[in-house]
Q: 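Attaching a single structure in structure tokens format; questions to follow.
Naming: A, B, ... by sequence-line order, numbering from 1 per chain. Model, not experiment: these values are computed from the prediction.
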Amino acid sequence: MSGKGTEKDKMAEIYNHSEIEDKWTKIWEEHPVNTDDGKKPKYYCLDMFPYPSGAGLHVGHWRGYVISDVWSRYKMMNGYYIVHPMGWDAFGLPAENYAIQTGQHPRISTAENIRNIKRQVKQIGAIYDWDMELDTTDPAFYKWSQWIFVQLFKHGYAYEKEMPLNWCPHCRAVLANEEVVDGKCERCHSEVTKKNLRQWMLKITEFADRLLDGLDTLDWPEKVKKMQTDWIGRSFGAEVDFKIDGRDDAITVYTTRPDTLYGATFMVLAPEHALSAGLATPETKEAVDKYIADSANKSNVDRLQGKEKTGVFTGSYAINPLNGAKLPIWLSDYVLADYGTGAIMCVPAHDDRDFEFAKKFDLPIIQVIAKDGKEIEDMQEAYTEANGTMINSGDWNGMESAELKVKAPHYVEEKGFGKAKKNFKIRDWVFSRQRYWGEPIPIIHCPDCGAVTVPEEELPVLLPEVESYQPTDTGESPLAAIDSWVNCKCPVCGKDAKRETNTMPQWAGSSWYFLRYVDVHNDKALVSREKADKYLPVDMYIGGVEHAVLHLLYSRFWTKFLYDIGVVGFEEPFLKLFNQGMVLGPKGVKMSKSLGNVISPDDMIRDYGCDSLRLYELFIGPPQQDSAWDDRGIDGVYRFLCKFWNLVMENKDRDVKADTELIRIRHKLISTITQRLESFSLNTVVSGFMEFNNSLAKLPGVDRETLETYVILLSPFAPHIAEELWQQLGHDSSVFKAPWPEADSEAMKEDTIEVPVQVNGKVRATVSVPAEASKEEVLATAKEAVKDRLTGNLIKEIYVSGKIVNLVVK
RNA sequence: GCCGGUGUGUCGGAAUGGCAGACGAGGAGGACUCAAAAUCCUUUGGUGGCAACACCGUGUGGGUUCAAGUCCCACCACCGGCACCA
């Protein structure tokens with residue numbers, strides 16, 4: 001019974017994470033630590049905003065948010081005001097599909113999901129500024145998504161086009177090229193088919209050069225830059241006209257290798273090419289028509305790689321403009337209709353695909369670049385490098401291929417049978433979706449005026465209530481069924497007109513949301529130029545690599561457009577990008593609901609607390625690398641926090657004097673943590689803290705300044721415990737108002753150093769020498785320590801200052 | 001096929017060309033406990049040895065170097081991206 005009191009007292013002293021975290025969550029809500037005094041420089045640290053799904057967050061989502069919060073707090077303690085917002089990317093298919101399943105309006109389920117996810121996000125303990133919160137489905141937000149569309153339309157960057165589109169029969173939706181993976185729907189993995197539909201397109205291709213060249217200015221992972229570069233796919237070459245034999249018209253081909261023009265031995269057109277059917281002769285007509293029809297029915301998958309090449313001879317010939325050679329014209333589906341001109345000249349000696357086709361159909365092969373200075377006998381594969389001297393090439397003979405490759409387009413242009421040309425792989429952005437849960441496209445179709453934009457003062461065009469969200473088999477949006485909404489007057493001529501019923505793709509809101517955060521309540525502009533100039537662009541953007549191409553490319557495109565029309569004063573929205581790795585399930589497999597291996601942060605927080613989870617998210621592995629969750633791993637960081645707590649509590653009221661050793665440890669801690677933080681090696685920051693904790697715990701006592709330094713350094717990582725201990729150390733103001741400590745390199749210097757001594761590369765002894773000892777002194781001590789082993793001739797003595805001695809004996 | 005990335009104990013991982021395996025997890029042994037949990041201490045790459053110690057060891061094979069996980073060459077495996085773009 002007498003033990004009860006002492007036990008209770010003991011309880012009050014041990015680390016009680018939930019009490020501490022609740023306490024500081026409340027205090028920080030009333031007194032935010034990140035404030036804008038108008039004088040501090042800004043630092044914009046952005047998280048990729050989440051889609052508020054019903055499943056909520058798992059520990060993988062947390063990782064990026066923890067990294068960005070640590071970085072934000074560190075910057076904050078270095079004197080910046082941090083723009084650190086959070087919002088919800090809430091339009092899109094999953095909410096709509098969920099609505100269809102449950103009969104619940106997506107607005108209801110979305111609001112519910114946002115509520116839950118916001119609760120979870122708040123548990124991270126991040127310094128998010130909730131006054132900036134936004135939701136892409138809020139009319140006050142999507143008004144400006146629509147406004148941007150109107151501007152794009154007015155500048156000629158939005159247009160309608162009837163085109164065969166990727167159609168997912170299961171989702172009953174048109175998919176962007178970006179949403180088709182291996183010929184299958186990215187979302188439901190059904191086989192994607194083609195369907196002819198009228199679509200809204202955005203001319204991202206007009207920005208292709210700028211999107212490519214802008215990458216050079218960005219501090220992004222090389223991998224992501226490469227992916228965007230490949231996606232944009234710029235190439236330089238020439239368009240060359242080949243007259244059709246016996247006719248007046250010509251076939252224009254695109255080639256990046258006009259240097260090999262003399263090596264062309266046949267031509268291939270895509271089956272869809274406008275001239276294809278007309279090139280057939282009476283003898284070949286049947287075969288040609290059949291080939292064209294078969295190709296039209298083939299799915300994308302069948303036309304892809306791996307399959308043996310097919311083709312049909314049209315019976316017609318083209319004339320090589322350089323030497324008058326007659327080249328048979330073939331059709332084959334290995335030539336893509338929508339790239340270049342849909343027709344190619346074939347140089348089998350110097351192109352793998354042409355070589356394969358020539359071998360299969362027994363077509364001639366003419367080598368025009370000498371490999372290793374000679375003509376290849378019995379060629380087994382194409383020589384594709386532009387490296388060698390030209391042969392069999394008329395007056396080009398003797399020229400260097402590499403040089404000619406650059407000059408040939410201009411040569412062709414001078415001769416008048418073609419022109420220099422650059423091409424891109426990137427296509428215009430299919431911007432309409434035939435679904436309900438998206439921003440209505442602010443266009444009115446008038447029988448007389450055509451497509452006209454909704455006047456800006458009438459924005460937003462509100463998404464109307466609808467009986468059924470079901471997508472239709474015809475590919476029409478569910479909005480088309482609401483007559484009262486569809487029928488309207490033309491804003492130009494006043495006649496009866498109809499609203500556009502397509503909605504925007506999910507990418508719309510995320511393409512510009514980062515601009516809105518800094519002026520989220522503005523109802524006059526999407527962002528005031530003043531605030532844009534003050535707080536934008538984003539200095540650090542943190543999120544998964546899965547958005548390497550689409551989201552990041554679309555955002556850059558819209559930012560460049562908004563720059564052109566003067567809304568913002570910069571062309572690139574995200575100066576630095578960091579891709580955090582995924583958190584995988586316990587066995588290294590991706591977390592998924594169906595596998596039942598999803599780890600919920602809610603459970604972790606209950607058992608270990610926010611600070612432990614934050615530390616473990618960092619400790620789990622290098623931040624840019626995928627890491628497998630280990631349930632027991634979090635015990636380690638939790639134990640560390642308990643020891644840290646005990647260390648500070650046990651020493652805080654003792655009057656310990658710091659000796660040089662303690663001062664050295666303190667400055668080493670500052671130096672190590674700061675360096676590792678700056679280089680984003682966050683996992684080793686945590687292990688660094690553990691190491692220092694272990695060495696401090698071995699000392700008889702720890703002085704106050706070291707304790708305070710320690711608490712400050714740990715605060716960006718484990719904010720709650722740090723703030724509590726800061727208060728326990730007697731401070732009235734927040735630890736986050738404390739400046740980031742600076743390491744003193746003088747104080748870090750050791751008096752004596754341990755130097756390992758190697759003989760022939762193997763460590764045989766370790767000697768203690770004064771830090772200031774000369775090379776000669778160290779070597780003398782070293783030789784003495786290993787004298788038994790220095791039996792032969794000492795042929796080399798190496799001393800790397802402060803590091804190692806190596807004595808080479810023969 | 002092309003382009004990236006990765007490869008280190010039982011596991012996650014650490015290491016400006018300078019003592020490989022920090023730190024954590026797990027294991028083993030011990031202390032405390034009637035017992036368990038928690039906590040604390042010791043130990044923990046492999047092989048041989050009672051031991052001091054010796055040898056081997058960072059995917060494989062070569063090379064450069066006094067010294068290589070780290071640099072160079074050739075390969076292998078796994079993961080990711082692109083995929084007939086002329």
Side-chain angles (χ1 to χ4, degrees), chain A residues 14 181-182 221-227 229-231 233-235 237 253-258 260 264 268 270 303-307 309 332-336 338-347 350-354 356-357 384 423-427 545-546 548-549 581-582 584 586-588 615-616 619-622 624-640 642-643 646 675 679 681 683-694 754-766 795-809:
Chain A
I14 65 160
V181 177
D182 286 336
E222 286 306 314
K223 176 187 167 148
V224 175
K225 290 195 196 183
K226 184 75 171 40
M227 283 167 77
T229 302
D230 290 348
W231 187 265
R234 182 166 64 191
S235 67
V253 304
Y254 173 69
T255 176
T256 55
R257 297 295 303 278
T260 64
V268 175
R303 290 182 61 157
L304 282 178
Q305 92 299 339
K307 298 278 194 294
K309 289 193 176 21
S332 175
D333 61 12
Y334 85 87
V335 174
L336 306 172
D338 56 358
Y339 179 78
T341 62
I344 60 170
M345 69 170 198
C346 295
V347 185
H350 303 289
D351 182 277
D352 290 326
R353 298 146 303 180
D354 298 349
E356 188 192 332
F357 196 83
T384 57
N423 253 320
F424 296 94
K425 287 189 199 175
I426 192 171
R427 305 297 143 82
V545 73
E546 66 272 17
V549 178
M582 273 191 295
L584 305 170
K587 288 186 191 84
L615 283 187
Y616 184 57
F619 190 57
I620 191 167
Q624 68 282 1
Q625 200 174 290
D626 291 353
S627 301
W629 183 267
D630 180 353
D631 268 330
R632 292 168 308 202
I634 194 170
D635 284 320
V637 291
Y638 178 73
R639 281 174 203 147
F640 158 70
C642 292
K643 289 183 211 165
N646 292 339
Q675 240 174 55
S679 61
S681 180
N683 53 326
T684 61
V685 168
V686 180
S687 65
F689 279 124
M690 290 169 166
E691 263 178 274
F692 279 100
N693 205 89
N694 291 345
E754 303 279 306
V755 178
V757 181
Q758 298 183 327
V759 177
N760 290 340
K762 285 196 156 70
V763 178
R764 297 304 183 185
T766 302
I795 59 171
K796 206 158 193 177
E797 303 172 22
I798 291 139
Y799 173 52
V800 182
S801 184
K803 285 273 169 61
I804 203 161
V805 170
N806 193 8
L807 304 169
V808 185
V809 180

Q: Kindly compute the distance separating OG1 (A:T229) from CD (A:E222), expressed to the nearest 0.5 Å.
A: 9.0 Å
Q: Any strand is fair game: report the nucleotide pairing with B:rA38 by Watson-Crick or G-U wobble, both distances under 3.5 Å, or none.
A: none
Q: Using the P atom as the point on both nucleotides, what is the distance between B:rG9 and B:rC84, in whole Å?
A: 39 Å
Q: Enter the distance from A:E356:CD to A:D351:CG here, rounded to the nearest 0.5 Å.
A: 10.5 Å
Q: According to the Watson-Crick and G-U wobble definitions, with both distances under 3.5 Å, which nucleotide is paired to B:rG4?
A: B:rC79
Q: Return the value, rounded to whole Å, for the distance between atom OH of A:Y339 and atom P of B:rC84.
A: 12 Å
Q: Suppose you measure atom P in B:rA67 against the same atom in B:rA20; what distance do you get, rounded to whole Å?
A: 14 Å
Q: Looking at B:rC50, which nucleotide sits across from it as a Watson-Crick or G-U wobble partner, both distances under 3.5 angstrom, or is there none?
A: none
Q: Apply ring-ring contact (aromatic ring centres under 6.0 Å, His included) to A:Y254 and list each qualifying residue two or more places apart in sequence or on a separate chain.
A: none
Q: Using the P atom as the reference point in each nucleotide, state the distance between B:rG7 and B:rU60 in Å, no decimals.
A: 13 Å
Q: Run the side-chain contact (heavy atoms from CB on, under 4.5 Å) test against A:V800 and tell me which residues pass, sequence neighbours left out.
A: A:I798, A:K803, A:I804
Q: Could you identify the nucleotide paired to B:rA14, looking across every strand shown and requiring Watson-Crick or G-U wobble geometry with both distances under 3.5 Å?
A: none
Q: Report each atom pair, protein N/O against N/O of nucleotides 53-57 of chain B, whose distance is under 3.5 angstrom.
A:
residue: B:rA54; atom: OP1; partner: A:R764; partner atom: NH1; Å: 3.1
residue: B:rA54; atom: OP1; partner: A:R789; partner atom: NH2; Å: 2.9

Q: Residues two or more places apart in sequence or in another chain: which of them pass side-chain contact (heavy atoms from CB on, under 4.5 Å) with A:D230?
A: A:K226
Q: Look up atom CG in A:N694 and atom CD in A:E691, then write down how far apart they are to the nearest 0.5 Å.
A: 8.0 Å
Q: Taking atom types as modelled and ignoring hydrogens, do the side chains of A:Y334 and A:D354 form a donor-acceptor contact shorter than 3.5 angstrom?
A: yes
Q: What integer number of Å spans the C1' atoms of B:rG18 and B:rG69?
A: 13 Å
Q: Over how many whole Å does the gap from A:I14 atom CD1 to B:rA37 atom C1' extend?
A: 14 Å
Q: Quick one: side-chain contact (heavy atoms from CB on, under 4.5 Å) partners of A:R234, sequence neighbours excluded?
A: A:D209, A:L212, A:D213, A:F236, A:K422, A:F424
Q: If you look at every strand shown and take non-hydrogen atoms under 4.0 Å, does A:K226 touch a base, only sugar-phosphate, or nothing?
A: sugar-phosphate
Q: For a quick check, with a 4.0 angstrom heavy-atom cut-off, what is the B/S/- contact string for nucleotides 9-24 of chain B, read 5' to 3'?
A: ---BSS-B-BB--BBS
Q: Would you classify B:rG5 as syn or anti? Syn applies when the glycosidic angle is within 90° of 0.
A: anti
